[in-house]
Visitor: 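Starting off with a structure, shown below.
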Number of protein chains: 2
Amino acid sequence: MRVLIAEDDDRLARAVAAGLLRRGMTVDVALDGGSALAQLAATAYDVVVLDRDLPGVPGDDICRHLVATRSPSRILMLTAARSVRDRVEGLGLGADDYLPKPFDFTELVARIQALARRPGAPVRDELGYADLVLDPGRRTATRAGRKLALNPKEFAVLAYLLRADGRPVSAEELLEHVWDSAADPFTTTVKTTVGRLRAKLGDPPVLHTVRDSGYRIGAE
Amino acid sequence: MRVLIAEDDDRLARAVAAGLLRRGMTVDVALDGGSALAQLAATAYDVVVLDRDLPGVPGDDICRHLVATRSPSRILMLTAARSVRDRVEGLGLGADDYLPKPFDFTELVARIQALARRPGAPVRDELGYADLVLDPGRRTATRAGRKLALNPKEFAVLAYLLRADGRPVSAEELLEHVWDSAADPFTTTVKTTVGRLRAKLGDPPVLHTVRDSGYRIGAE
DNA sequence: CGGAAGGTGACAGCCAGGTGACAGCTGGCA
DNA sequence: TGCCAGCTGTCACCTGGCTGTCACCTTCCG
């Protein structure tokens with residue numbers, strides 16, 4: 001699957017690209033409207049992630065262009081403003097989905113995957129490991145059928161770890177993806193949050209520490 | 001995906017049909033209420049775009065009919081009048097979405113797609129959770145057999161939350177669907193209305209807040 | 001045994017969300 | 001037309017809990 005990220009915030013674009021690459025997608029990045037159009041002309045993308053505030057040619061215009069040319073690409077709009085008006089306008093322009101900044105990176109990745117799956121079978125994505133089940137759509141988490149009262153940050157961390165599917169995830173990676181990308185690199189909040197999450201997950205332990213590489217969901 | 005457009009303005013109907021065909025949908029048009037009913041009886045549509053001011057059988061009646069027969073079709077109501085009351089009534093009748101004329105064509109297309117994509121809890125003529133029962137057709141709400149005196153806005157909000165079936169619904173989403181889409185994005189009316197609704201719903205609480213995500217009907 | 005990585009509990013600031021008072025609007029009615 | 005009542009939005013203020021920091025402890029490993 002081929003994805004174009006049209007986003008002028010270089011760090012953000014690269015972080016998203018990294019996440020998608022890890023999920024096996026092919027990713028290109030365009031830092032301004034002009035190059036986005038050029039890349040769209042040259043290559044057939046499955047999904048286009050489109051910042052509304054794009055320098056050069058604004059995202060709205062690119063969206064209109066894609067719709068007008070009956071491009072088969074699905075469009076996911078990003079916007080800084082969170083107003084209702086923006087949302088309506090975004091969808092009105094023909095975008096397939098819409099995400100206001102700031103967003104949870106894992107959420108973005110999930111939405112891109114949902115878009116990539118052709119419409120039809122409604123997507124009910126559920127994450128889980130053993131008796132632990134997470135439903136991102138409903139914001140619910142259960143263990144052995146028992147509901148877990150997770151705070152938003154704890155929930156986001158757990159979702160990210162589950163999506164990592166057993167791979168150890170470093171504190172830095174969590175900081176970048178679950179927290180604001182401008183987070184203080186010396187913060188200790190990750191270990192605190194993981195600690196609280198662990199306590200709520202209960203026994204037997206499913207969230208393990210891999211020394212020097214990070215945290216991991218899985219067996220022993 | 002199969003869509004029925006029940007709209008007596010011939011030009012408008014054809015323009016919409018053309019746009020939907022271009023997005024790969026199968027489209028039929030009914031120019032009056034009678035033929036709309038006939039086509040609905042003959043064919044299973046995913047989405048019905050329903051003009052309220054339909055000659056023959058009015059759109060409201062068709063909507064009621066679809067809800068009463070537990071049709072799986074999703075209903076998008078169109079209406080010339082733009083009043084809030086209209087909007088609330090439309091949703092109260094059991095429509096899934098509502099669009100006042102004049103509308104932006106691309107917005108209509110986007111909404112139809114959104115409806116089609118929506119995972120399919122079938123439309124019911126009665127909404128409810130636990131001892132709470134809502135009858136959109138008769139605009140009545142009861143809890144544990146006791147009638148609740150809900151204002152129109154409160155009723156519409158509750159109906160929308162019940163249709164979301166446990167999924168958290170953001171204030172933004174409520175604003176867009178229950179209020180006028182041109183609503184002030186910084187308004188605090190949602191939390192006020194939800195507060196009043198909560199007070200009327202009584203104990204035990206069924207309307208919960210999910211921090212950073214919205215409101216949700218359900219257990220704890 | 002010493003240092004670094006990781007865990008834990010206490011604490012405080014802040015902000016999302018809740019609440020009550022009030023006022024404007026609207027629709028019904030005489 | 002003027003009055004009244006109920007619905008709905010705004011505003012100011014409150015509060016509870018989420019989250020980050022910090023100090024200190026434990027564990028691991030060379």
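Naming: A, B, ... by sequence-line order, numbering from 1 per chain. Computation of the quantities below employed the complete heavy-atom set of this structure, encompassing side-chain atoms and omitting hydrogens, waters and symmetry-equivalent molecules.
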Visitor: Take B:Y215 and B:E173 through the side-chain contact (heavy atoms from CB on, under 4.5 Å) test and state the conclusion after the steps.
Guide: CA-CA 10 Å; B:Y215 302 99; B:E173 185 178 341; over 6 Å; no
Visitor: Considering just the side-chain nitrogens and oxygens of A:T188, establish if one lies under 4.0 Å of OP1 or OP2 belonging to D:dG20.
Guide: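 Answer no for this pair, as no side-chain N or O of A:T188 is under 4.0 Å from OP1 or OP2.
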Visitor: Think B:T192 has a side-chain N or O under 4.0 angstrom from the OP1 or OP2 of D:dT10?
Guide: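 No.
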Visitor: To the nearest Å, how far apart are A:L197 CG and C:dG6 P?
Guide: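 Atom CG in A:L197 sits about 17 Å away from atom P in C:dG6.
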Visitor: Using a cut-off of less than 4.0 Å, is there contact between a side-chain N or O of A:R211 and OP1 or OP2 of C:dG6?
Guide: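 No, because none of the side-chain N or O atoms of A:R211 sits under 4.0 Å from OP1 or OP2 of C:dG6.
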Visitor: Using whole Å, report how far CZ of A:R198 lies from P of C:dG9.
Guide: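 Taking atom P of C:dG9 as the reference, CZ of A:R198 is at 13 Å.
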Visitor: Using a cut-off of strictly less than 4.0 Å, decide whether A:Y215 has a side-chain nitrogen or oxygen near OP1 or OP2 of C:dG7.
Guide: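 Affirmative; the distance criterion is met.
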Visitor: Would the base of D:dG20 count as contacting A:R196 through its side chain, where contact means a donor and an acceptor less than 3.5 Å apart?
Guide: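 Such a pair exists between side chain and base.
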Visitor: Using only side-chain N and O atoms of B:T193, determine if any of them is under 4.0 Å from OP1 or OP2 of D:dT8.
Guide: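 No.
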Visitor: C:dA5 P sits how many Å from A:D212 CG, rounded?
Guide: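 It works out to 7 Å between those atoms.
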Visitor: Going by the side-chain contact (heavy atoms from CB on, under 4.5 Å) test, name the single residue among A:L127, A:V169, A:L207 that passes it with A:I217.
Guide: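 Per the side-chain contact (heavy atoms from CB on, under 4.5 Å) rule, the option paired with A:I217 is A:L207, out of A:L127, A:V169, A:L207.
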Visitor: Could you check whether A:T140 and B:R167, counting side-chain N and O atoms only, form a donor-acceptor pair closer than 3.5 Å?
Guide: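 No pair is found: no donor N or O on one side chain lies under 3.5 Å from an acceptor on the other.
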Visitor: Check each of A:V194, A:T193, A:T192 against A:V190 using the side-chain contact (heavy atoms from CB on, under 4.5 Å) test, and report the only one that passes.
Guide: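 Checked A:V194, A:T193, A:T192 against A:V190; only one passes side-chain contact (heavy atoms from CB on, under 4.5 Å): A:V194.
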Visitor: At under 4.0 Å, does any side-chain N or O of B:N151 touch on OP1 or OP2 of D:dG6?
Guide: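 For D:dG6, neither OP1 nor OP2 has a side-chain N or O of B:N151 closer than 4.0 Å.
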Visitor: Hey, which of these two, B:K191 or B:E154, hits DNA chain D nearer its 5' end, going by closest nucleotide?
Guide: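 Nearest-nucleotide comparison on DNA chain D picks B:E154.
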Visitor: What do the steps show when you test B:T187 against B:L175 for side-chain contact (heavy atoms from CB on, under 4.5 Å), and what is the final call?
Guide: CA-CA 9 Å; B:T187 182; B:L175 261 188; 3.8 Å; yes
Visitor: Using OP1 and OP2 only, check whether a side-chain N or O of A:W179 sits under 4.0 Å from D:dT19.
Guide: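 Result: no.
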Visitor: I need the CG-P distance between B:L175 and C:dG17, as an integer number of Å.
Guide: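 Result: 13 Å.
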Visitor: When the distance from CG of B:L148 to C1' of D:dC7 is rounded to whole Å, what number comes out?
Guide: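 The distance from CG of B:L148 to C1' of D:dC7 comes to 17 Å, rounded to the nearest Å.
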